Amino acid sequence: MIIGDRKSLAEILDMIKDCRNILITGCKGCVTVCNVGGLKEVQVLASSLKIARKKEGRPITIEENLLERQCDPEYIAEVSDIIHNYDAVVSMACGVGPQFLSEAYPKQKFFPAINTKFFGGATAHGIWEERCAGCGSCVIHQYDGLCPISRCSKSLMNGPCGGSANGLCEISRDVVCIWDMIVKKKMEQGRLDDLLAVAPAKDWSTSRDGGPRKSIREELTQ
Amino acid sequence: MDTFEPQIVAFCCKYCAYAAADLAGSMRLAYPPNVKIVQLPCTGRVDIFHLLTAIEDGADGVYVAGCLEGECHFMKGNFRARKKVEYVKKTLAELGIEPERVEMYNLSSAMGPRFAEIAQEMTDRIKELGPSPVRTETV
């Protein structure tokens, strides 16, 4: 899923400093699962902003809303009746949400409350880690299910580098060297020879180097 | 400021703090009437949103009182509540409001005098801090 962190209250307060009446809209998709932009988080942000504005002596009216998903036009359409009742709309979805909203309602102002960070999963309650870089050409089968693109600090296709020590990456003691894990797994499985083959340089044209990407499924288009 | 009577909301677990409040009553112990109690089935039930809403609606102080650590009937409810209290403290600090207005306490159902002591301690603390900057009218 897409993982994000909420922006600081100071940053959000600055965005809405001229507003007296806003809508905060959450998303029931990824951001609900990673506890950053679902119903509870919408309530907490709304309450926090109202406290801040009451303290300033400039109270703000905040309506709360939750969309099924903010990355599909049919759900974005659900707020068409109310969207222009506010000075601005704060989206708690990933970066896709405020853009879809802006495209659907060009006269309204939309602010992102979330910093979208990566594709990942929960490794423990409250802890999420990156597992995919969305590079557009998956190679994890060559590395026994461990992705060196997203999990190696240098995205090395041939590793480890000299910065690997005691299973950790040189950039931080909190970062596991994925190449250490790949080598250990290959040894356990008796397939260390796989690593004798030099992996060719990765074709990054399927990633961001190829510009904004699009996926078209002819069988679904209408 | 001498006449300031704080409004304090106490979220109390029914197995410990709420029962301790009952005991304090049975023991005829006096504690400040500033404290308004909300009974919870466990402090794990309390949400960040509940604590913030109390502040938003004008409470000068809020505290959560749960079982002694390791004694929660639902194993981790009081630890979870403590983390939520810490979150709210951080939020208040970010907004320039004294984080001391929110607190977490642990006690057992046998600690009636301690319940009265906590209520007094929190009331004294909030009196010292003065009215909440969010408070616009009498709650």
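Reminder, nothing fancy here: chain letters follow the sequence lines and each chain counts from 1. If you're wondering where the values come from, they're calculated on a predicted model, not measured in any experiment.
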Surrounding [atom1] of [X] (heavy atoms of other residues, nucleotides or ligands, distance under 6.0 Å), is the total greater than 12?
X: Glu74(A); atom1: CD; answer: yes
X: Lys186(A); atom1: NZ; answer: yes
X: Arg28(B); atom1: CZ; answer: no

Which atom of [X] lies closest to which atom of [Y], heavy atoms considered:
X: Ala104(A); Y: Ile76(A); result: CB-CG2, 3.5 Å
X: Trp179(A); Y: Met157(A); result: CZ2-O, 3.3 Å
X: Pro98(A); Y: Pro112(A); result: CG-CB, 4.0 Å

Which residues in residues 1-27 of chain A have any heavy atom lying under 4.5 Å from a heavy atom of chain B? Arg6(A), Ser8(A), Leu9(A), Ala10(A), Leu13(A)

Which residues, numbered in order, of residues 34-55 of chain A come under 4.5 angstrom of chain B by heavy-atom distance? Lys40(A), Gln43(A), Val44(A), Ser47(A), Ser48(A), Lys50(A), Ile51(A), Ala52(A), Lys54(A), Lys55(A)

Side chains of Glu71(B) and Ser108(B) only: does a donor on one sit below 3.5 Å from an acceptor on the other? no

Side chain, backbone, both or neither: which part of Glu94(B) has a non-hydrogen atom closer than 4.5 Å to chain A?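 For Glu94(B), side-chain heavy atoms alone lie under 4.5 Å from chain A.
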
Of Val9(B), Ile126(B), Val85(B), Val35(B), the residue whose pairing with Tyr63(B) passes side chain to side chain contact (heavy atoms under 4.5 Å, CB included):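 With Tyr63(B) as partner, side chain to side chain contact (heavy atoms under 4.5 Å, CB included) holds for just one option, Val35(B).
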
Electrostatic pair Lys109(A):Asp87(A) at N-O distance under 4.0 angstrom: no

Only one of Glu121(B), Arg82(B), Arg114(B) passes side chain to side chain donor-acceptor pair (under 3.5 Å) with Tyr105(B); say which it is. Glu121(B)

